[in-house]
Amino acid sequence: MKPSEAVNHYFHRAADQLALTENMRTLLLTPKREVQVQIAVEMDNGDLQTFIGYRVQHDNSRGPMKGGLRFHHEVNLDEVRGLASLMTWKTAVVNIPYGGAKGGVAVNVQNLSTRELERITRKFIDEIHDVIGPDTDIPAPDMGTNAHVMAWIMNQHNKYHGFNPGVVTGKPVEYYGVPGRAEATGRGVGILTVKTLSLLGRKPQETRVAIQGFGNVGSHAAKFLCEADCKVVAISDVSGAYFREGGINIGDALHYADQNKHSLEGFTEADRITNEELLELDVELLIPAALGGVINEENAPRIRAPLIVEAANAPVQPAADDILDDKGTVILPDILANAGGVTVSYFEWVQNRQYYQWDLDRVRQELDRVMLEAFQEVWSLAQERQISLRTAAFMVGIGRVGRATVLSGIT
Ligand code: NAD
């Protein structure tokens, strides 16, 4: 199943519960705009290379469209389309006044110098600057991009349209960003994980955790859960997975990755296993925090964790979702679990518009409030209707987007 079909599958399951008409479903699922552009760049060695960039703007009924920008060699239009739609439901679940969008460039960032990365970013903005903006569509970091890339985006966009830091979020704190944005997605994952554990009657001290992906989201989630007394027994990145039954010292792993170009390659304080083995470990909690689609029909029967928190976008394929549901596995879905990033992005945009800066305590406090309120609404609906947390989250999101669409007048 293609990524966009997987999102639509979950959409329809919730739409059935909401008794949405076919016409309304088509309206809500159809992206407003899809852009594909050529990015021709001279590399450091003088070679000319051509990359393809995408921006899909899915829905703006609740506000300007919002979504990350992914630089990864596997990026394609369908993946971006699926992720843009996920953003629409995500911003609605946490009830921030945004629609959904997503962007990507098919490029392997590991092969790029900083100068090459900057040239690709600026060239991409040259191609799409007219369709993004603080009141239309606001990019943010995702896999393969970071605060520095966001700074280049602001600078390049402002060359065309004048000074306006609100065109992009996830910027460096010293350059119109906010404290707490980098940790926000991982912190949100942590906050909701601890809440779910307590509702399931599980003690953090008795919770062994495996986390796939040790980038922005995975590393901050690992740190938060460690501080909350969970035992993180496995972590991983593109170099492989690392397992230690007695628990991994996350401080050491963070320090190691920091000194090693953000890679765990060569980390010796744990045994080396594969990323596939990590997913199937005997743990109480599994957190996929890297790529989409990693839990599929084939490996789902072997997944032993009774709780999965989707820090990555779309890590569980629909066929696997059914298998896990039958086994009684509780899944905290991506559109709720990883919404901390877009929530703090919203805070950053609000502050950019007000030329005012909150301190870290206020950012964290507001983030925790937004995440826990959204969680409570989804959890209660799931209990009331005896449905999965995913279907409940989609129902909350679709309900809000649907009402805004109708209220604004469709034709
Ligand atoms: P990142 O680029 O900072 O980190 C990605 C991590 O995944 C790295 O450790 C990388 O080595 C690892 N990885 C890549 N390919 C892998 C593979 N084949 N097997 C195992 N590990 C692999 O990205 P991120 O920002 O942490 O994003 C991770 C996930 O979280 C993505 O699905 C992204 O869409 C989602 N997400 C991110 C944010 C955010 O604020 N950054 C918000 C919501 C959702």
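Note that ligands are numbered from 1 as they come in the structure, with each ligand's atoms numbered from 1 the same way. Start at 1 with the first residue, then count along the sequence. Worth saying up front: this structure is predicted, and the values here are computed from it rather than measured.
- Of the polar atoms of Gly215, at least one N or O is found under 3.5 Å from an N or O of ligand 1, judged by distance alone.
- Ligand 1 has no atom lying under 4.0 Å from any heavy atom of His262.
- Nearest protein heavy-atom contact of atom 39 (C) of ligand 1 is Thr185 OG1, 3.5 Å.
- Residue-level proximity to ligand 1 for Ala311 is carried by the backbone, the only part with a heavy atom below 4.0 angstrom.
- Met371 CE to Arg187 CZ: the interatomic distance, rounded to the nearest 0.5 Å, is 10.5 Å.
- Checked against the 6.0 Å centroid threshold, Phe124 and Phe71 do not count as a close aromatic pair.
- In this structure, the side chain of Asn260 engages the main chain of Glu265 through a donor-acceptor pair within 3.5 Å.
- Those atoms of ligand 1 with a heavy atom of Phe214 less than 4.0 angstrom away are 9 (O).
- Remark: Arg302 CZ is packed, more than 12 non-hydrogen atoms of other residues, nucleotides or ligands lying under 6.0 Å away.
- The protein heavy atom nearest to atom 28 (C) of ligand 1 is Ala289 O, 3.3 Å.
- The distance criterion of under 3.5 Å between nitrogen or oxygen atoms is not met by Lys90 with respect to ligand 1.
- Looking at ligand 1, you won't find any N or O of His72 less than 3.5 Å from one of its N or O atoms.
- Considering each of Val238, Val342, Asn338, the one bringing a non-hydrogen atom nearest atom 11 (O) of ligand 1 is Val238.
- Residue contacts with ligand 1: Gly144 is placed with a nitrogen or oxygen under 3.5 Å of a nitrogen or oxygen of the ligand (distance criterion only).
- Of the residues Ile128, Ile153, Asp142, the one that meets the side chain to side chain contact (heavy atoms under 4.5 Å, CB included) test with Leu69 is Ile153.
- Polar contact with ligand 1: present for Asp142 (N/O pair, distance under 3.5 Å).
- Remark: Tyr175 OH to His148 NE2 distance equals 9.5 Å, nearest 0.5 Å.
- Checked by distance only, ligand 1 and Gly218 stay at 3.5 Å or farther apart across all their nitrogen or oxygen atoms.
- Under 4.0 angstrom from ligand 1, there are no non-hydrogen atoms of Ser263.
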**Request:** Before giving the answer on ring-ring contact (aromatic ring centres under 6.0 Å, His included), spell out for Trp349 and Tyr98 the whole-Å C-alpha distance, their side-chain angles and the decisive distance to 0.1 Å.
**Result:** CA-CA 11 Å; Trp349 178 78; Tyr98 283 143; 5.1 Å; yes
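- Between the side chain of Glu310 and the main chain of Asn338, no donor-acceptor pair closer than 3.5 Å is present.
- Looking at atom 17 (C) of ligand 1, its nearest protein heavy atom turns out to be Leu291 CD1, 3.8 Å.
- Of the options Leu264, Thr169, Val217, the smallest heavy-atom separation from atom 41 (N) of ligand 1 is shown by Val217.
- With a 4.0 Å cut-off on non-hydrogen atoms, Arg181 touches ligand 1 through its side chain and not its backbone.
- Using a 4.0 Å heavy-atom cutoff, Met87 is absent from the residues neighbouring ligand 1.
- Heavy atoms of other residues, nucleotides or ligands lying less than 6.0 angstrom from CD of Glu245 number 12 at most.
- Ring-plane geometry between Trp89 and Phe394 is classed as tilted, the angle between the planes lying from 30 to 60 degrees on a 0 to 90 degree scale.
- Scanning all protein heavy atoms for the shortest distance to atom 7 (O) of ligand 1 gives Ala290 CB, 3.3 Å.
- Protein heavy atom in closest approach to atom 3 (O) of ligand 1: Asn216 N, 2.9 Å.
- Annotation: atom 19 (N) of ligand 1 to nearest protein heavy atom, Asn275 ND2, 3.6 Å.
- Those atoms of ligand 1 with a heavy atom of Arg70 less than 4.0 angstrom away are 31 (C), 32 (O), 33 (C), 34 (O).
- With hydrogens and angles disregarded, no donor-acceptor distance shorter than 3.5 Å links the side chain of Asn8 to the backbone of Phe11.
- Nearest protein heavy-atom contact of atom 27 (O) of ligand 1 is Met143 CG, 3.5 Å.
- Enclosure of atom CD in Glu34 by more than 12 non-hydrogen atoms of other residues, nucleotides or ligands within 6.0 angstrom is indicated.
- The two residues Lys66 and Val342 make their nearest non-hydrogen contact at CG-CG2, 3.6 Å.
- Considering both main-chain and side-chain atoms, Gln212 never comes within under 3.5 Å of ligand 1 through any nitrogen or oxygen pair.
- Remark: the backbone N or O of Asp321 is not paired with any side-chain donor or acceptor of Asp325 at under 3.5 angstrom.
- Of the protein's non-hydrogen atoms, Asp237 C, 3.4 Å is the one closest to atom 21 (N) of ligand 1.
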